[in-house]
Novice: 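Here it is: the structure, laid out below.
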2 protein chains.
Amino acid sequence: MNKFEDMQVFVRIVESGSITKAAEQLNMVKSAISQRLARLENHLGTVLIQRTTRSQNLTTAGQKYFQQCLRIIEEIEEIEAGIQQDKQALGGKIRLAAPYSFGLKHLSQAIRLFNEQHPEVIFDIDFNDRFVDLVNEGFDLGIRITQLSDSSLMARKISHSQMVLCASPAYLEKYGEPKHPNELKEPHHKIKYSSDVDMWEFKQTDGTVSKVKVPTVLVCNNGEFMTDAAIDGCGLAVIPDFICYQAIKSGSLQSILTGYQLNQPINIYAVYPQNKFLPARVRKLIDYLVDYFGQEPYWRISKNR
Amino acid sequence: MNKFEDMQVFVRIVESGSITKAAEQLNMVKSAISQRLARLENHLGTVLIQRTTRSQNLTTAGQKYFQQCLRIIEEIEEIEAGIQQDKQALGGKIRLAAPYSFGLKHLSQAIRLFNEQHPEVIFDIDFNDRFVDLVNEGFDLGIRITQLSDSSLMARKISHSQMVLCASPAYLEKYGEPKHPNELKEPHHKIKYSSDVDMWEFKQTDGTVSKVKVPTVLVCNNGEFMTDAAIDGCGLAVIPDFICYQAIKSGSLQSILTGYQLNQPINIYAVYPQNKFLPARVRKLIDYLVDYFGQEPYWRISKNR
DNA sequence: TATATTGTTCTTTAATATTGAACAATGTAA
DNA sequence: TTACATTGTTCAATATTAAAGAACAATATA
């Protein structure tokens with residue numbers, strides 16, 4: 001039996017004052033209405049309406065049930081209206097710009113999971129390492145890795161990263177594992193990221209800073225390529241932990257000089273146009289990303305390995 | 001579509017963790033469950049569960065809807081349980097003793113109306129003018145007309161009555177309408193109720209009391225018979241207003257000496273055993289009767305006719 | 001008392017849900 | 001990586017359930 005429909009029919013009978021009128025209003029035949037009421041009364045085991053051919057009289061049970069039906073029906077309407085509202089509020093497209101490595105390696109899964117929870121959101125993602133002008137190119141959101149400074153953007157830190165100095169075990173066996181920055185001289189050599197400065201700065205826990213310059217044997221602008229090259233033993237490399245953490249965990253690479261802090265820690269930001277109204281779906285995504293990566297992201301390499 | 005059942009199915013899917021388990025628990029086939037969920041999602045226009053063959057993942061809309069379904073289902077359970085409780089609380093028999101005239105003329109309709117509102121109450125009514133021993137004969141409730149005094153009973157006044165001195169217009173034309181109690185002597189004659197005293201006491205508004213004795217031509221123990229006899233012009237009669245009000249209203253009888261109060265006003269009581277636990281249905285009936293007859297019962301004859 | 005209207009009952013017809021098998025998808029273990 | 005087991009979906013056939021429509025019963029009203 002269809003309880004909700006029966007309730008609605010009952011309410012209509014009471015409000016219209018007769019089975020015949022209720023049938024008219026519901027575009028049904030009076031026999032159907034009569035049967036539904038009879039079924040409902042039978043189900044409840046109670047007479048709801050004392051009816052003759054001319055008059056109808058709610059029993060006390062009927063009065064009570066009528067009120068309760070009204071409430072239930074209203075609640076269901078509210079629930080369903082609420083869903084429509086939520087859908088409208090969240091539905092729509094998010095145009096997102098993200099750097100290549102981080103985007104494909106970490107962001108894509110987060111977005112897939114978010115999209116499972118919010119299927120009404122449609123993503124339009126541009127994976128690109130070039131600097132993207134969010135405002136002029138019409139993006140809702142960008143992911144930036146570095147210390148950014150763009151006054152026309154709002155930023156929220158969603159995670160952070162650490163540069164890791166590492167090399168393959170074979171390389172270290174051949175050239176020896178340095179225990180102090182001072183030892184970083186020939187025959188050691190490095191793989192350099194294009195935009196990086198040529199000097200490495202090591203900060204000790206007591207604040208002492210050591211600057212060293214290591215000979216470069218390879219320059220490229222892609223962290224994953226650097227990682228592969230380092231695994232192949234091409235040289236030392238400074239790579240963000242979110243790129244190399246798997247190689248280090250599996251032992252293909254070895255983190256060295258872990259007692260020193262290398263460069264500044266890197267933050268990962270979600271940035272969005274300052275002036276633009278921020279849709280609920282974008283705000284929700286940012287919240288989700290903050291929560292997803294958490295305080296200690298899963299790529300973080302523990303110091304005491 | 002059966003929304004309520006769909007909700008229950010959805011809840012079962014979520015709680016059991018899979019469509020297959022839900023189908024087992026509901027003794028249905030998984031395809032039926034799958035279709036119902038699909039239909040519900042389609043109706044709401046929202047994905048509720050993000051599902052693969054191995055995992056199920058509630059969307060945020062699904063989480064919200066799940067909670068709301070739980071609430072609705074619980075509310076309906078409470079409503080239906082409440083009806084059963086009320087039914088149990090009110091259902092049962094009321095054994096009622098009532099005097100003949102009042103019972104048939106006035107009480108029966110009140111009880112019919114009460115029973116329409118509370119069909120779960122079953123009445124067992126003894127219409128009888130003899131004195132009924134409620135306690136020993138196992139009655140739940142009795143109706144008494146007079147100033148009762150039975151220490152083993154509790155009483156609640158449900159209405160009141162006035163004795164009316166009246167005669168047929170034909171009689172009054174023949175013997176003249178008395179304007180003062182003193183005029184009540186031969187050739188006037190009366191119809192006497194068996195248990196009534198032989199003297200009539202008239203109380204004036206200033207407190208003066210006149211006692212007169214009118215010759216008796218007819219004695220009986222039934223008010224309705226007395227009314228019929230008076231209508232036929234047999235004589236003067238003192239009859240409770242709840243018996244003769246229709247005859248007076250229609251003009252078959254005429255109330256006389258209305259400026260005097262005749263005897264004491266009579267009260268109508270609902271009485272019930274003092275020691276016995278009073279079931280809700282009996283209390284409800286008493287309340288109903290008090291409300292039904294009201295402060296000014298419909299049989300009351302206005303003084304200024 | 002006749003009448004018109006209302007509600008109920010019954011059978012036929014229509015709508016809707018369930019079934020069961022085939023298929024597609026996906027995580028797991030070898 | 002591949003085969004496997006399990007899950008969910010789809011589809012046509014079947015079963016169940018509800019609605020229609022006519023005939024009937026009940027009851028206020030004129």
Side-chain angles (χ1 to χ4, degrees), chain A residues 1-59 62 66 108-109 112-113 115-117 119 246 250, chain B residues 1-59 62 66 108-109 112-113 115-117 119:
Chain A
M1 63 169 275
N2 194 328
K3 206 170 280 183
F4 286 158
E5 278 184 13
D6 285 356
M7 281 182 167
Q8 288 175 319
V9 166
F10 171 62
V11 165
R12 200 101 298 274
I13 294 170
V14 174
E15 288 183 339
S16 69
S18 84
I19 287 180
T20 304
K21 281 185 196 132
E24 283 168 15
Q25 292 175 13
L26 294 167
N27 284 317
M28 288 168 78
V29 113
K30 59 182 180 175
S31 62
I33 305 293
S34 172
Q35 283 177 67
R36 290 196 94 127
L37 179 57
R39 182 179 64 178
L40 186 60
E41 288 185 330
N42 187 57
H43 168 72
L44 296 172
T46 312
V47 178
L48 295 172
I49 303 177
Q50 192 70 36
R51 46 201 183 278
T52 67
T53 52
R54 279 290 174 194
S55 70
Q56 90 174 16
N57 207 332
L58 275 180
T59 64
F66 173 69
S108 57
Q109 201 201 346
R112 263 200 311 280
L113 290 173
N115 214 2
E116 277 186 7
Q117 288 208 333
Q246 282 172 317
S250 70
Chain B
M1 63 171 276
N2 193 329
K3 203 173 285 179
F4 183 68
E5 280 183 12
D6 285 356
M7 280 182 167
Q8 288 178 315
V9 166
F10 172 61
V11 165
R12 200 99 300 275
I13 295 170
V14 173
E15 287 183 339
S16 69
S18 84
I19 287 180
T20 304
K21 280 185 197 131
E24 283 168 14
Q25 293 174 13
L26 293 167
N27 284 316
M28 287 167 78
V29 110
K30 59 181 180 174
S31 61
I33 304 292
S34 171
Q35 285 177 71
R36 290 196 95 127
L37 178 58
R39 182 178 64 178
L40 186 60
E41 289 186 329
N42 187 56
H43 168 72
L44 296 172
T46 312
V47 178
L48 296 172
I49 303 177
Q50 191 71 36
R51 45 200 184 278
T52 68
T53 52
R54 279 291 172 192
S55 70
Q56 89 175 16
N57 207 332
L58 275 180
T59 64
F66 173 69
S108 56
Q109 202 202 346
R112 263 201 311 281
L113 290 173
N115 213 2
E116 278 185 5
Q117 288 209 334

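Chain A is the first sequence line, chain B the second, and so forth, proteins listed ahead of strands; every chain is numbered from 1.
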Novice: May I have the distance from M1(B) (atom CE) to dA18(D) (atom C1'), rounded to whole angstrom?
Specialist: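 These atoms are roughly 16 Å apart.
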Novice: Throw together a table of side-chain donor-acceptor distances under 3.5 angstrom for residues 26-33 of chain A, partners on residues two or more places apart or in other chains.
Specialist:
none

Novice: Tell me: CG of N57(B) to C1' of dG27(C), nearest whole Å?
Specialist: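 Whole-Å distance recorded here is 15 Å.
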Novice: Output yes when a side-chain donor or acceptor of S16(A) lies under 3.5 Å from a complementary backbone atom of S18(A), and no otherwise.
Specialist: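 Checking the backbone N and O of S18(A) against the side chain of S16(A), a donor-acceptor pair under 3.5 Å is found.
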Novice: Do N115(B) and R112(B) come within less than 4.5 Å of each other through their side chains, counting heavy atoms only?
Specialist: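 N115(B) vs R112(B): side chains apart.
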Novice: Considering only heavy atoms, which members of residues 40-50 of chain A lie under 4.0 Å from some atom of DNA chain C?
Specialist: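 Hits under 4.0 Å, by residue number: none.
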Novice: Can you list, in residue-number order, the parts of residues 4-23 of chain B that come under 4.0 Å of DNA chain C, counting heavy atoms only?
Specialist: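 The answer is none.
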Novice: Side chain to side chain contact (heavy atoms under 4.5 Å, CB included) with R51(A): which of N57(A), L58(A), L37(A)?
Specialist: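 Of the listed residues N57(A), L58(A), L37(A), the side chain to side chain contact (heavy atoms under 4.5 Å, CB included) partner of R51(A) is L37(A).
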Novice: Starting from C1' on dA20(D), measure out to CD1 on I33(A) and report it in whole angstrom.
Specialist: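 I33(A) atom CD1 is separated from dA20(D) atom C1' by 12 Å.
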Novice: CD of Q56(B) versus P of dT6(D): gap in Å, rounded?
Specialist: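 In whole Å, dT6(D) P lies 18 Å from Q56(B) CD.
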Novice: Looking at side-chain heavy atoms only, is the closest gap between F4(B) and M7(A) below 4.5 Å?
Specialist: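 No, side chains not in contact.
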Novice: Rounded to whole angstroms, how far apart are CG on N2(A) and P on dT17(D)?
Specialist: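 N2(A) atom CG is separated from dT17(D) atom P by 13 Å.
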Novice: Who passes side-chain hydrogen bond (donor to acceptor under 3.5 Å, both in side chains) against Q35(B), sequence neighbours left out?
Specialist: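 Expected list: none.
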Novice: Please name the pair of heavy atoms, one in Q50(A) and one in P119(B), separated by the smallest distance, quoted to 0.1 Å.
Specialist: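 Minimum heavy-atom separation between Q50(A) and P119(B): OE1-CG, 4.1 Å.
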Novice: Within a strict 4.5 Å, meaning less than it, do heavy atoms of the R36(A) and I13(A) side chains meet?
Specialist: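 The answer is no, as the side chains (C-beta and beyond) never meet within the 4.5 Å cut-off.
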Novice: Need the bend value for the helix from dT1(C)-dA30(D) to dA30(C)-dT1(D): angle between end axes, 5 pairs each end, nearest 10°.
Specialist: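 For the helix from dT1(C)-dA30(D) to dA30(C)-dT1(D), the axes at opposite ends meet at about 30°.
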Novice: Take atom CG of N27(B) and atom C1' of dA17(C), then tell me their distance rounded to the nearest Å.
Specialist: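 From N27(B) CG to dA17(C) C1': 16 Å.
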Novice: So, OP1 or OP2 of dA19(D): does either fall under 4.0 Å of a side-chain N or O from R36(A)?
Specialist: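 It does, given that an N or O in the side chain of R36(A) lies less than 4.0 Å from OP1 or OP2 of dA19(D).
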Novice: Determine whether Q25(B) and E15(B) make a side-chain contact, defined as any pair of heavy atoms from C-beta on separated by less than 4.5 Å.
Specialist: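 Q25(B) vs E15(B): side chains apart.
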Novice: Using a 4.5 Å cut-off on heavy atoms from C-beta on, say whether the side chain of L113(A) contacts that of Q117(A).
Specialist: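 Sidechains of L113(A) and Q117(A): no contact.
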Novice: Can you build the contact string for nucleotides 21-30 of chain D? Use B for base contact, S for sugar-phosphate-only contact, and - for no protein heavy atom under 4.0 Å.
Specialist: B----BBS--
Novice: Side-chain contact test, heavy atoms from C-beta onward, threshold under 4.5 Å: evaluate it for D6(B) versus F10(B) and give yes or no.
Specialist: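 D6(B) vs F10(B): side chains apart.
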Novice: With distance as the sole test, does T59(A) use its side chain to make a donor-acceptor pair with the main-chain N or O of I49(A) at under 3.5 Å?
Specialist: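 No: the side chain of T59(A) does not pair with the backbone of I49(A).
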Novice: In Å and rounded to the nearest 0.5 Å, what is the CZ to CE distance from R39(A) to M1(A)?
Specialist: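 Between R39(A) CZ and M1(A) CE, I get 5.5 Å after rounding to 0.5 Å.
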Novice: To the closest 0.5 Å, what do you measure between CG (L40(A)) and CG (N2(A))?
Specialist: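 Interatomic distance, L40(A) CG to N2(A) CG, rounded to 0.5 Å: 11.0 Å.
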Novice: If each of A38(A) and M28(B) is mapped to the nucleotide of DNA chain C with the nearest heavy atom, which maps nearer the 5' terminus, i.e. the 5' end?
Specialist: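 This one resolves to A38(A).
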Novice: Is there a side-chain polar atom (N or O) of R51(B) under 4.0 Å from OP1 or OP2 of dT26(C)?
Specialist: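 Result: no.
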